[in-house]
Amino acid sequence: MGGANMAGMDMKGMDHGAMDMSAMHMGMRDGRNAPSVPLGPGVQTISPMPADRTGEPGQGLANVGHKVLVYRDLAAIDRNPDARAPSRAMRIHLTGNMERYMWAFDGKKLSEVKDPIPFRAGERVRITLVNDTMMNHPIHLHGHFFELVTGHGDHAPRKHTVNVQPGGTVTFDLTADAVGDWAFHCHMLYHMHAGMMQIVSVRPDVA
Ligand SMILES: [Cu+2]
C-alpha cells in the first residue's frame with residue numbers, strides 16, 4: 001500500500017530513517033506544519049493545511065436537508081466582560097494515532113508532560129487549537145470561559161468547551177482570571193484517559 005502511494009508525495013521534511021508507513025498512507029506528516037510537535041508514534045498525521053472550520057456544519061450534517069447552525073452563528077447577548085486584545089498567542093496541536101489508540105496535545109500524553117501550561121493571573125491570551133487528527137475533539141477548560149474568535153467582536157460567544165473538527169482550527173481568547181490549577185482536556189473521556197489532557201496553571205504576578 002505504502003509503496004504505491006509514496007511516489008507522488010512530498011518527501012521533504014520527513015525523517016526517512018524513521019518513516020512511519022501507517023502515517024504515509026493515512027496522510028501527510030510534514031513536521032514543518034507543527035514545529036513544536038515531536039513526530040513520535042503517537043502522531044499519525046499532521047494536517048497539511050489546517051483551516052478554520054467554525055463556519056462549517058459538523059461531521060455528518062452537511063447534507064441533511066435543513067438548516068444547520070454552526071459556531072459562527074453564535075453571538076453573546078451581553079458585551080464580553082473583557083474585550084482587551086490578547087497580549088500573546090499560542091498554538092496547541094491535537095494529535096493522535098487511531099491505530100494505536102494514542103491521543104495527546106502536541107504529541108505528548110499527560111503522563112509524559114513535565115510542566116503545566118502557565119498563565120499569569122489576569123493576562124489575556126489568544127489560543128489556537130489545531131486538530132491534526134481525523135476525529136472531532138471537544139476541548140474543555142475548567143475554571144474559565146473563553147471567547148471564540150469567530151467575527152463577533154466584543155459579543156463573541158463564551159464557551160468552556162469547543163469542538164475542533166478534523167483538520168480544523170479553533171481560535172479563542174482567554175482571560176486567565178481564576179488562580180489555580182485547572183484540567184484542560186478532550187471531553188471524549190476515552191481520549192482524555194489515553195492522555196489528551198494537560199494542566200493549565202494560573203499564577204499571580206510575584207512582586
Ligand atoms: Cu478527543
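Only this structure's heavy atoms are used, side chains among them; waters, hydrogens and symmetry mates stay out. Whatever order the structure lists ligands and atoms in, that order sets their numbers, starting from 1. Model, not experiment: these values are computed from the prediction.
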Q. Are the aromatic rings of His187 and His185 close, with centres under 6.0 Å apart?
A. yes
Q.
At a threshold of 2.8 Å, where the distance has to be below it, does the Cu ion (ligand 1) have an N, O or S atom of Cys186 nearby?
A. yes
Q: Give the atom name of whichever N/O/S atom in His137 sits closest to the Cu ion (ligand 1).
A: ND1
Q | The single option from Arg124, Arg79, Arg84, Arg126 passing salt bridge (charged side-chain N to carboxylate O under 4.0 Å, His left out) against Glu147 | A | Arg124
Q: Find, among atoms of His191 that are N, O or S, the one nearest to the Cu ion (ligand 1), and state its name.
A: ND1
Q) How about Trp103 and His137: are their ring centres within less than 6.0 Å of each other? A) yes
Q. To the nearest 0.5 Å, how far apart are CE in Met197 and CG in Leu110?
A. 5.5 Å
